[in-house]
Every structure is written in C-alpha cells, then in structure tokens.
Peer 1: 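My questions all concern the structure below.
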Amino acid sequence: MSKALLQLLVKYRTEQNLLVSTKQNLWRKQVITWLEYNVSSHRINHILGVEATCIHLAKCHQLPEKKAAKAGLLHDLAKFFPPDRLLRIARKANIEIDEISQQHPHLLHADVSAVVAQQEFGVKSTKILDAIKNHTLGNPEMSSLSCIVYLADKIEPNRGNTNELNRLREIATDNLYQGVWETSDYTLQYLVSDRKLIHPRTVLTRNWALRKVKKTASL
Ligand SMILES: Nc1ncnc2c1ncn2[C@@H]1O[C@H](COP(=O)(O)OP(=O)(O)O)[C@@H](O)[C@H]1O
C-alpha cells in the first residue's frame, strides 16, 4: 500500500473514532445532566463509581467495555422516584410486582430504571437493559454483563474501604461467579443484621453463582 493511501486511511480511522467518541461523550453528558435533575449529588458520585468499576471489570474479564459503561451509568435512573411513581410505571410496563416489591416499591427502581433508559435514552440492547434490571437483586443465569453491574453496584470505591469490601473487589476482579456469590452473601448478611425483608431472588442468585464456582472447581 502506498504511503499516501496509508496516511489517508489513518486519517479516516482517526476521524471516525473521534466522531464516535464525540457522539458517545455527548450522550454521556445528556445522561449526567438528566441525573443532576433527578438524583442527589451523592448518588451521582455512586453512579460514576459504578460506571468506572464496570469498565474496570469489563477489562479484567474481556467483556464489552462500552456496554458495561452504559449499563453502569444508567443503572440507578429511577433511584429517587417515589413509590407511587415506581408502581405506576411498573404496572404500565407489565413488570411483575411480587409481594415484597408491593411492600417495598423501592426494589422496583432497577426494573423501572431500564424502562427510563429505553424511553429517555433510546437504549435497545437487551443485555444492557437486563443488566440494569438485575443490578439490585441479581438473577440466576444472568449474563456476564449483568454480573459486572451487580458487582460494581456493591463494590464501587464510594462504598467504603473496609477489609471485607477490598476482599470482594479482589474476588470480583479474579472470578465473576465467585464475586456474585460472595457479594450476595455480603448483602444478605447486611439485610439480616438490619432486620430487613429479604427478596428470595438474591438467595437464588447466590445459590446459582455458588454452584457455578463449585462446578468449575470440580472439573
Ligand atoms: N435481596 C434483597 N431483599 C430485600 N431488599 C434488598 C435486597 N437487596 C437489596 N435490598 C435493598 O434494596 C435497596 C436498594 O438496593 P441497591 O439498589 O443495592 O441500593 P443502594 O445502592 O442504595 O444500596 C437497599 O436499600 C437494600 O437494602
């Protein structure tokens, strides 16, 4: 290939990349502006921590970084919606409202955030939408992208610097399933000690991830 043609190709690729990244940056800025109006500044720090942790975990586990970043940025869109709004949107979107979610509509913020991601920000990827839906309770058989967002929500840097969290951060970097299992245990312990109702999906998620780890270990 001639030098001139090579230079032209490099120039074209650079321009295309810039175009893509500018579009993405613009989209990201739009989401952050929306968040500034709809969640607290403390929650925005958490969301940005989740986004960064999603990118880190995606790199560690060879998963699509852009999808992980998007899911992380969008996971808590409905975090501050009041219970009646969560219930109304959930009913309209045919989201299953079980007994525990009926009593604690806050648990619906994960499913409702996926609805907002679709409606406000045009997200179509089922993988991203599922990862948003699964971030609080997990889900047995969830995808690796969902595992990443589930983990990132619990271990992002703003959650603290305890030995237990640092241990979970290391595990999540090494093994996604062990991360999901042990992070679910961590959440369950917190719910028990705080005398909160436990949604059974976290127990199912924990058992699923534990079985995955044991199965791999016995191969
Ligand atoms: N398995 C569960 N059963 C019941 N409540 C849960 C469960 N997992 C998380 N929660 C509660 O749901 C709320 C939302 O969880 P989460 O999305 O992780 O929010 P946060 O980012 O505020 O911790 C938390 O206050 C937590 O107590």
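Order of appearance sets the numbers: ligands from 1, and atoms from 1 within every ligand. This structure is a prediction, so every number in the text was calculated from the model and none was measured.
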Peer 1: Can you name the atoms of ligand 1, numbered from 1 with element, that are less than 4.0 Å from a heavy atom of H199?
Peer 2: 1 (N), 2 (C), 3 (N), 4 (C)
Peer 1: Does the N or O separation between T187 and ligand 1 drop below 3.5 Å for any pair?
Peer 2: no
Peer 1: For Q103, I'd like to know if atom CD has over 12 heavy atoms of other residues, nucleotides or ligands within 6.0 Å.
Peer 2: yes
Peer 1: I need the atoms of ligand 1 closer than 4.0 Å to a non-hydrogen atom of L137, numbered in the order shown.
Peer 2: 1 (N), 2 (C), 7 (C), 8 (N)
Peer 1: Give the atom numbers and elements of ligand 1 that come within less than 4.0 Å of a heavy atom of T202.
Peer 2: 1 (N), 2 (C)
Peer 1: Between I100 and ligand 1, which residue portion shows a heavy-atom distance shorter than 4.0 Å: side chain, backbone, both, or neither?
Peer 2: neither
Peer 1: Counting each atom of ligand 1 from 1 as listed, which ones have a heavy atom of K196 under 4.0 Å away?
Peer 2: 27 (O)
Peer 1: Decide whether the shortest distance between a heavy atom of Q103 and an atom of ligand 1 is less than 4.0 Å.
Peer 2: no
Peer 1: Would you say the ring centers of H109 and H135 fall short of 6.0 Å from each other?
Peer 2: yes
Peer 1: So, the side chain of D153 versus the backbone of V149: is there a donor-acceptor pair under 3.5 Å, distance only?
Peer 2: no
Peer 1: With no hydrogens and no angle check, do the side chains of S184 and Y150 hold a donor and an acceptor under 3.5 Å apart?
Peer 2: yes
Peer 1: Just going by heavy-atom distances, which of L197, L107, I47, D153 is nearest to atom 11 (C) of ligand 1?
Peer 2: L107
Peer 1: Under a 4.0 Å threshold between the charged nitrogen and the carboxylate oxygen, would R167 count as salt-bridged to E164?
Peer 2: yes
Peer 1: Does any donor atom in the side chain of R169 or N166 lie under 3.5 Å from an acceptor atom in the other side chain?
Peer 2: yes
Peer 1: I'd like to know if the side chain of D98 pairs up with that of S101 as donor and acceptor (distance under 3.5 Å, no hydrogens or angles considered).
Peer 2: yes
Peer 1: Mark up the atoms of ligand 1 that fall under 4.0 Å of a heavy atom belonging to H135, in ascending order.
Peer 2: 17 (O)
Peer 1: Using a 4.0 Å heavy-atom threshold (strictly under), name the region of R43 that reaches ligand 1: side chain, backbone, both or neither.
Peer 2: side chain
Peer 1: Does the protein place a non-hydrogen atom closer than 4.0 angstrom to atom 24 (C) of ligand 1?
Peer 2: no
Peer 1: Cut-off 3.5 Å, side chains only: do N139 and N134 have a donor facing an acceptor?
Peer 2: yes
Peer 1: Answer with yes or no whether H109 contacts ligand 1, where contact means a heavy atom under 4.0 Å from a ligand atom.
Peer 2: yes
Peer 1: Which atoms of ligand 1 have any heavy atom of Y190 under 4.0 Å away?
Peer 2: 27 (O)
Peer 1: Around atom NZ of K79, are there more than 12 heavy atoms from other residues, nucleotides or ligands closer than 6.0 Å?
Peer 2: yes
Peer 1: Between the candidates H106, K79, R159, K154, which shows the shortest non-hydrogen contact distance to atom 22 (O) of ligand 1?
Peer 2: K79
Peer 1: Under a heavy-atom criterion of less than 4.0 Å, does H104 contact ligand 1?
Peer 2: no
Peer 1: Relative to the heavy atoms of L191, which atoms of ligand 1 are at a distance of less than 4.0 Å?
Peer 2: 1 (N), 2 (C), 3 (N), 5 (N), 6 (C), 7 (C), 8 (N), 27 (O)
Peer 1: Would you check the N or O atoms of T136, main chain and side chain alike, for any that come under 3.5 Å of an N or O of ligand 1?
Peer 2: yes
Peer 1: Determine, using the 4.5 Å side-chain heavy-atom cutoff (strictly less than), whether W34 and V123 are members of one ILVMFWY cluster.
Peer 2: yes
Peer 1: With respect to E51, which candidate in K67, K70, K66, R28 satisfies the salt bridge (Lys or Arg N to Asp or Glu O under 4.0 Å) definition?
Peer 2: R28
